[in-house]
Amino acid sequence: MADGLIADRPAGGPHAFVTLVTNADYALGAKALVRSIRLTGSTADCVVLHTGGVAAEDLAPLVSLGARLVKTELLATSDAFNEAHARARIHGLNPFTKGEKPPFHTPLDNFAKLRLWQLVEYDSVVFIDADALVLHNIDRLFGYPEFCAAPNVYEGLADFHRMNSGVFTARPNVTTFESMLAALDTPGAFWKRTDQTFLQHFFPGWHGLPVFDNMLQYVWFNMPDLWDWASIRVLHFQYEKPWQDPHPKAAQLAPLIALWEAFAGDGPVPEIASLPGPLE
Ligand code: UDP
Ligand code: MN
């Protein structure tokens, strides 16, 4: 493992699912995510990259689930970079017109995802946002090359032009990490949708994963024909989070929020393939 990262134990094998938690709210998300991965039968490590601000008590449920905790810090980006990507500025310049980000979402924190390239104890990793659930086994992705991600589909065909950085495949490598830092924080750099815009720029030849490897929650009401519980391997709660109480789309997304709550708790979870779809 690279300098500056502190793990609570050695790696358990060559592959890992990796997520990021920079505050207590995303630790709630990560608990549901790690539990969902374990329920798919995967034996790969579940790594939670966490930054200094997250209290031990908020990380405790992740330890109980067997996650490997790796302590790190946000990237040491320049003051100019940090100011350019401050929440008020990002939201002011390019307002989110399709949905809302929760108050606990700090855009600058997203860039810390790039630290997964420092986890060189693994041959291949799959990054998954802390606001996602794995519903069917996705271990096959460990054999996929760098860099694969699904398109950012939640409204219509134009969405296929962009990728979504909530699920992607990567090969940790310190040289890649250093090239990324050099490309990221250049004079005047501004990445409109943070890590997502940067990763699409850094990997212009990104390989497309099926939308079912990163199904965005708005598909439920915007493109219900695309919904198929038997096919959806990762469900991603982009924009509003299921643990925000309440949020503007909570009524529309009630069945998905109930599903997330089942995974976030300690009780049974429903049989996914038998859940009713949006048109039923
Ligand atoms: N994240 C975090 N703290 C933050 C913002 C983001 O830990 O303040 C991490 C977390 O893993 C989260 C991911 O970065 O899932 C991306 O942010 P989010 O999922 O909120 O963005 P969206 O999917 O809504 O675009
Ligand atoms: Mn997300």
Side-chain angles (χ1 to χ4, degrees), residues 16-34 36-37 46-55 58-59 62 67 69-75 77 82 85-91 94-116 119 125-134 149-155 159 162-168 170 191-200 211 213-220 234-244 247-249 253 256-257 260 263-264:
F17 295 104
V18 181
T19 194
L20 170 68
V21 165
T22 70
N23 59 43
D25 272 283
Y26 285 100
L28 293 175
K31 184 204 166 186
L33 170 65
V34 171
S36 74
I37 293 169
C46 287
V47 172
V48 177
L49 284 171
H50 64 101
T51 55
V54 192
D58 297 317
L59 297 169
L62 297 164
L69 300 190
V70 177
K71 187 168 187 296
T72 184
E73 292 305 330
L74 298 182
L75 299 179
T77 40
N82 299 348
H85 297 90
R87 181 178 165 106
R89 186 163 184 276
I90 294 228
H91 286 238
N94 299 104
F96 291 87
T97 54
K98 316 286 187 180
E100 285 181 22
K101 297 281 183 184
F104 49 79
H105 173 102
T106 303
L108 197 60
D109 292 11
N110 290 344
F111 294 105
K113 282 185 197 181
L114 303 186
R115 291 227 184 255
L116 68 82
L119 298 172
V125 301
V126 174
F127 180 85
I128 309 180
D129 269 7
D131 58 344
L133 295 173
V134 180
N152 195 41
V153 173
Y154 61 85
E155 212 173 44
D159 298 338
R162 290 190 303 150
M163 45 152 270
N164 184 282
S165 61
V167 176
F168 60 85
W191 307 102
K192 180 177 166 184
R193 293 299 181 229
T194 65
D195 66 298
Q196 184 157 290
T197 316
F198 174 72
L199 287 168
Q200 184 165 335
V211 290
D213 287 319
N214 183 1
M215 180 58 72
L216 302 178
Q217 64 175 344
Y218 283 18
V219 171
W220 178 262
V234 181
L235 171 56
H236 181 186
F237 295 83
Q238 93 312 354
Y239 290 127
E240 298 84 1
K241 307 308 169 206
W243 62 94
Q244 262 178 275
H247 68 62
K249 299 205 169 60
L253 294 169
L256 305 191
I257 293 171
W260 183 87
F263 280 95

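Quick caveat, the model's predicted, so the values are computed rather than measured. Each ligand, and each atom within it, is numbered from 1 in the order the structure gives.
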Q: How far is atom 7 (O) of ligand 1 from its nearest protein heavy atom, and which residue and atom is that?
A: Thr22 N, 3.0 Å
Q: Taking the basic N atoms (NZ, or NE/NH1/NH2) and the acidic carboxylate oxygens, is any pair closer than 4.0 Å for Lys71 and Glu73?
A: yes
Q: Tell me, please, which residues at least two apart from Lys113 pass salt bridge (charged side-chain N to carboxylate O under 4.0 Å, His left out).
A: Asp129, Asp195
Q: Once you restrict to heavy atoms under 4.0 Å, what part of Lys241 touches ligand 1? Side chain, backbone, both or neither.
A: side chain
Q: Which residue and atom name correspond to the protein heavy atom nearest atom 13 (C) of ligand 1, and how close is it?
A: Asp129 OD1, 3.4 Å
Q: Do Tyr26 and His50 have side-chain atoms, one donor and one acceptor, less than 3.5 Å apart?
A: no
Q: Is there any N or O on Phe237 that sits under 3.5 Å from an N or O of ligand 1?
A: no
Q: Between Thr197 (side chain) and Trp191 (backbone), is there a donor-acceptor pair under 3.5 Å?
A: no
Q: Are the side chain of Asp58 and the backbone N or O of Val54 linked by a donor-acceptor pair below 3.5 Å?
A: no
Q: Is there a donor-acceptor contact under 3.5 Å from the side chain of Arg87 to the main chain of Leu108?
A: no
Q: Heavy-atom contact check, 4.0 Å cutoff: does Arg193 meet ligand 1?
A: no
Q: Just which atoms of ligand 1 are under 4.0 Å from any heavy atom in Asp109?
A: 3 (N), 4 (C), 8 (O)
Q: Of the protein's non-hydrogen atoms, which lies at the shortest distance from atom 10 (C) of ligand 1, and what is that distance?
A: Leu20 O, 3.3 Å
Q: At less than 4.0 angstrom from any non-hydrogen atom of Asn23, what atoms of ligand 1 do you find?
A: 8 (O)
Q: Can a donor-acceptor pair be found, under 3.5 Å and without considering hydrogens, that links the side chain of Gln238 to the backbone of Leu216?
A: no
Q: Below the 3.5 angstrom mark, is there an N/O of Lys113, backbone or side chain, next to an N/O of ligand 1?
A: no
Q: Against heavy atoms of Gln238, which atoms of ligand 1 measure under 4.0 Å?
A: 23 (O), 24 (O)
Q: Check this for me - ligand 1, Phe127, N or O atoms closer than 3.5 angstrom, yes or no?
A: no
Q: Quick one: nearest non-hydrogen protein atom to atom 6 (C) of ligand 1, plus distance?
A: Asn110 OD1, 3.0 Å
Q: Check contact between His236 and ligand 1, using heavy atoms of the residue and a distance below 4.0 angstrom.
A: yes
Q: Identify, by atom number and element, the atoms of ligand 1 in contact range of Thr106, meaning under 4.0 Å from any of its heavy atoms.
A: 4 (C), 5 (C), 8 (O)
Q: Report the nearest protein non-hydrogen atom to atom 15 (O) of ligand 1: residue, atom name, distance rounded to 0.1 Å.
A: Ala130 N, 3.1 Å
Q: Do you know which of Tyr218, Trp220, Tyr239 makes side-chain hydrogen bond (donor to acceptor under 3.5 Å, both in side chains) with Tyr154?
A: Tyr239
Q: Which one holds for Phe104 and ligand 1: side chain close, backbone close, both close, or neither close, with close meaning a heavy atom under 4.0 Å?
A: backbone
Q: With no hydrogens and no angle check, is any side-chain donor or acceptor of Thr19 less than 3.5 Å from a backbone partner on Ile128?
A: yes
Q: State, yes or no, whether a side-chain contact exists between Ile90 and Phe96 at a heavy-atom distance under 4.5 Å.
A: yes
Q: Mind counting the protein N, O or S atoms sitting less than 2.8 Å from the Mn ion (ligand 2)?
A: 4
